[in-house]
Number of protein chains: 2
Amino acid sequence: MADLLKALGEFNRLSLVYELCECAKPRNAMCLCDCCSVDSSVASRHLKVLAQEGVVRIERKGRERMYSLNRAEVAARLRALADQIEG
Amino acid sequence: MADLLKALGEFNRLSLVYELCECAKPRNAMCLCDCCSVDSSVASRHLKVLAQEGVVRIERKGRERMYSLNRAEVAARLRALADQIEG
DNA sequence: GACTTATTTGTGCAAATGTGCAACTATTGG
DNA sequence: CCAATAGTTGCACATTTGCACAAATAAGTC
């Protein structure tokens, strides 16, 4: 759980998540890269971290990689923590 | 929000939160220090971070400081994020 | 195959972070 | 006042982290 929170607890990574929140369809890395003003290599690494924690899902589409949010799963994990904390 | 997640996204800090989850009554720092096996100074710093993010509340009791979890507030913030992510 | 585009990876660096120890500051109790 | 206890802070150190740039990989297009 700490790893998930750490993944979400970085400003640019959370920005990527918020950006994906607004997208009904998967987005490629170049598009996502624009929302946080960092190099594409940096966005790539951030997205990799998010993928490792199951926050985003990657779908290969030719030479592009389309990212989308694992909405239900992430929401469920956050709610589980909230429930545990509320006791 | 990123700051809250960052505060929770560190192993020992999350351990402190879990420990406080189990406590019906406020606990002092020495007691909490035992749950994660670190120096008392480290626990002090972690608790300070958690307090700054509103995760825990401090109550002075003589020479001790009693910590308790802001259960409702933290749970609400996590659920708000979950709602936003689920869209 | 050569070229273009999208993305990842290697590298180096500066800043942030977690840690333990020792010294310091309360605050209580004798 | 003095000793003991609880907690904080300064310091040094090791590790991690985020970043940019350049090079490498991958895949479509001509």
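Below, chain A is the first sequence line, B the second, and so on; all start at residue 1.
- For B:Asn28, taking side-chain heavy atoms from C-beta onward, the closest of the listed nucleotides C:dT9, C:dT19, D:dG7 is D:dG7.
- In terms of phosphate contacts, B:Ser44 brings a side-chain nitrogen or oxygen within less than 4.0 Å of OP1 or OP2 of D:dT8.
- Between B:Arg45 and B:Asp39, none of the side-chain N atoms (NZ, or NE/NH1/NH2) sits under 4.0 Å from a carboxylate O, so this pair counts as no salt bridge.
- Closest approach to the A:Arg63 side chain among D:dG28, C:dC21, D:dA20 is made by D:dG28 (side chain taken as heavy atoms from C-beta onward).
- Summarising the geometry, the separation between CG on A:Leu47 and P on D:dC19 is reported as 12 Å, rounded to the nearest angstrom.
- In this structure the side chain of B:Asn28 never reaches within 4.5 angstrom of the side chain of B:Arg65, judged on heavy atoms.
- For B:Met30 and D:dA4, the CE to C1' distance is 12 Å, given to the nearest whole Å.
- Between the C1' atom of C:dA14 and the CG atom of A:Asp39 lies a distance of 17 Å, rounded to the nearest Å.
- The closest donor-acceptor contact from the side chain of A:Arg57 to the backbone of A:Leu69 lies under 3.5 Å.
- Side-chain N/O atoms of A:Arg65 include none lying less than 4.0 angstrom from OP1 or OP2 on D:dA26.
- Following rounding to the nearest Å, A:Met66 (CE) and C:dT7 (P) show an atom-to-atom distance of 8 Å.
- Between the CG atom of A:Leu16 and the C1' atom of C:dT7 there is a distance of 14 Å, given to the nearest Å.
- Taking 4.0 angstrom as the limit, A:Lys48 places a side-chain polar atom (N or O) nearer than this to OP1 or OP2 of C:dT9.
- Between the C1' atom of C:dT27 and the CD atom of B:Glu59 lies a distance of 17 Å, rounded to the nearest Å.
- Projected onto DNA chain D by closest heavy-atom contact, A:Gly62 and A:Ser37 fall at different nucleotides, the more 5' of which corresponds to A:Ser37.
- One can find a donor-acceptor pair under 3.5 Å joining the base of C:dG20 and the side-chain atoms of B:Arg45.
- Straight-line distance from the CG atom of A:Leu8 to the P atom of D:dT17: 15 Å, rounded to whole Å.
- A donor-acceptor pair under 3.5 Å links the side-chain atoms of A:Arg71 to the main chain of B:Ile85, judged by distance alone.
- With distances taken from any side-chain atom of A:His46 to the nucleotides D:dA6, D:dC19, C:dT19, the minimum falls on D:dC19.
- Put simply, B:Arg60 has no side-chain N or O that comes within less than 4.0 Å of OP1 or OP2 on C:dA26.
- Between A:Asp83 and B:Arg79 a salt bridge is recorded (basic side-chain N to carboxylate O distance below 4.0 Å).
- Taking atom CD of residue B:Glu10 and atom C1' of nucleotide C:dT19, one finds them 10 Å apart after rounding to whole Å.
- When distances are taken from the side chain of A:Tyr67 to each of C:dA6, C:dT7, D:dT17, the shortest belongs to C:dT7.
- Evaluation of atom-type donor-acceptor distances gives a pair under 3.5 Å for the side chain of A:Ser41 against the base of D:dC21.
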